[in-house]
Amino acid sequence: LSAVLLHQRFGRLDGARVLRTYVRLVCAAVPAAGVGWVVSAVTHHVLGDSWLASAVALVVGGSLLIGVFVGVCRLLHVSELSDVAAPVLARLRRR
């Protein structure tokens, strides 16, 4: 859907490059989601179904999910990751 919308807005896109990027992002998302799910399941198994367990699962699982996603994206050489992270990192360095 996003490729169709981008094509309507900007014209011809490099379809093969866009597809390769999407495949890499899905390949990074699958293990990240698995890690997040496992952390959530283990946390709820250990702490029960309380708000504390949900908060711990959210913070720990979410942090690990993001870390795994970014790590796999770097391994797969997803150049768009640098494009997104560069302004954030530049702002953090200035502080």
Looking at Ala53 and Leu47, what are the two nearest heavy atoms and their distance?
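Scanning both residues, the minimum pair turns out to be CB-CB, 3.6 Å.
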
Does [X] sit in a hydrophobic cluster with other residues, and if so which ones, taking ILVMFWY side chains as linked at heavy-atom separations under 4.5 Å, directly or through other members?
X	answer
Val26	Val30
Leu19	Val23
Leu5	Leu1

Answer yes or no: is there a donor N or O on one side and an acceptor on the other, between the side chain of Thr21 and the main chain of Arg17, under 3.5 Å?
yes

With a 4.5 Å heavy-atom cut-off, do Leu65 and Trp37 have their side chains touching?
no

Can you find a heavy atom in the side chain of Ser54 that is under 4.5 Å from one in the side chain of His44?
yes

Same apolar cluster (I L V M F W Y, side chains within < 4.5 Å links), Val59/Val46:
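Result: no, two separate clusters.
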
Should Ile66 and Leu25 be regarded as members of a common hydrophobic cluster, given that ILVMFWY residues are connected when their side-chain heavy atoms come within less than 4.5 Å of each other, either directly or indirectly?
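Different clusters.
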
I'd like a table of donor-acceptor pairs (distance under 3.5 Å, sequence neighbours excluded) in which one partner is a side-chain atom from residues 70-90, with atom names and distances.
none

